[in-house]
Novice: 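One structure is given below, represented as C-alpha cells, and several questions about it will come after.
Numbers for residues simply follow the sequence, beginning at 1.
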Amino acid sequence: MIKLREAQVTDLYDLLHLFSAMYGKQVEETDEKTVKIWNRMITDPYYHIIVAEEDGKIVSTCSCIIIQNLAYEHRPYAIIDNIVTRSEYRAQGLATACLQEAQRIAESEGCFRMMLATTSKLESTHKFYQKLGYDKNEMTAFTQWLF
C-alpha cells in the first residue's frame with residue numbers, strides 16, 4: 001500500500017538512496033554538513049518534501065519550496081524540484097500523486113504559480129509534466145552554474 005506524506009527527520013537516509021538511484025552514483029553520505037542542511041530543510045515551514053512510501057521504503061519524492069514575494073499582490077510562488085521515482089515503481093502514478101500534493105500545498109499557501117525545472121531531455125518526461133498542466137512555453141529559464 002502506497003502512503004503519501006511529508007518527509008520526516010528520519011527519512012534522510014532513504015532520500016539519499018533514492019537520489020543515488022536517480023543519479024546512478026552514490027550521493028554524499030551523511031556527514032555533519034549533510035545533516036545540518038537536512039535539519040534546516042526539514043524545519044523550514046516553506047520547504048515541503050513530499051514522499052510516497054511502500055512498505056516503509058520511500059519510492060518517489062518531490063520538493064515544493066514556497067517563495068515569498070513582493071510582486072503579484074504579495075502572493076508567493078512555488079518551485080517544484082527533485083522529482084524522483086525508483087525505476088521499478090514508475091508508471092504507477094506515484095510522481096503524479098507527489099506533484100498533485102505539491103499543487104495542493106502551493107494552493108493552500110496562496111501561490112499564484114508553480115514552476116518546475118527539469119534537466120531531463122526526454123520528450124516523454126516533458127509530456128508527463130505537460131499532462132499535469134505545466135507549460136514549457138510559458139517561461140524561459142536560464143541556468144548559471146556557480147562552481
Novice: Taking the side chain as everything from C-beta on, heavy atoms only, tell me whether Leu16 gets closer than 4.5 Å to Trp38.
Specialist: no
Novice: May I ask you to check whether over 12 heavy atoms, not counting those of Leu70, lie within 6.0 Å of atom CG?
Specialist: no
Novice: With the side chain counted from C-beta on, respond yes when Ile83 and Leu116 share a heavy-atom pair under 4.5 Å apart, and no when they do not.
Specialist: yes
Novice: Could you state the interatomic distance from CE (Met114) to CD1 (Ile66), rounded to the nearest 0.5 Å?
Specialist: 8.0 Å
Novice: CG/Leu94 to CG/Leu4 distance, rounded to the nearest 0.5 angstrom?
Specialist: 8.5 Å
Novice: Might you point out which heavy atoms bring Tyr77 and Cys111 nearest each other, and give the distance in Å?
Specialist: C-SG, 3.7 Å
Novice: What orientation do Tyr72 and Phe112 show, parallel under 30°, tilted 30 to 60°, or perpendicular over 60°?
Specialist: parallel
Novice: What I'd like to find out is whether the side chain of Asn82 reaches to under 4.5 Å of the side chain of Leu15, using heavy atoms alone.
Specialist: no
Novice: Specify the closest pair of heavy atoms between Gly110 and Pro76, including all atoms of both residues, with the distance to one decimal.
Specialist: O-CD, 3.8 Å
Novice: Quick check: are there more than 12 heavy atoms from other residues, nucleotides or ligands sitting under 6.0 Å from CD of Glu32?
Specialist: no
Novice: Determine whether Arg113 and Arg75 make a side-chain contact, defined as any pair of heavy atoms from C-beta on separated by less than 4.5 Å.
Specialist: no
Novice: Any side-chain heavy atom of Asn69 sitting closer than 4.5 Å to one from Ile67?
Specialist: no
Novice: Considering residues, nucleotides and ligands other than Glu73, do more than 12 of their heavy atoms fall under 6.0 Å from its CD?
Specialist: no
Novice: Taking C-beta and beyond as the side chain, do Arg5 and Asp11 meet within less than 4.5 Å on heavy atoms?
Specialist: yes
Novice: Does any part of the side chain of Lys127, heavy atoms only, come nearer than 4.5 Å to the side chain of Lys136, both counted from C-beta?
Specialist: no
Novice: Where is the tightest heavy-atom contact between Thr85 and Ser60, given as atom of each residue plus distance?
Specialist: OG1-OG, 2.8 Å
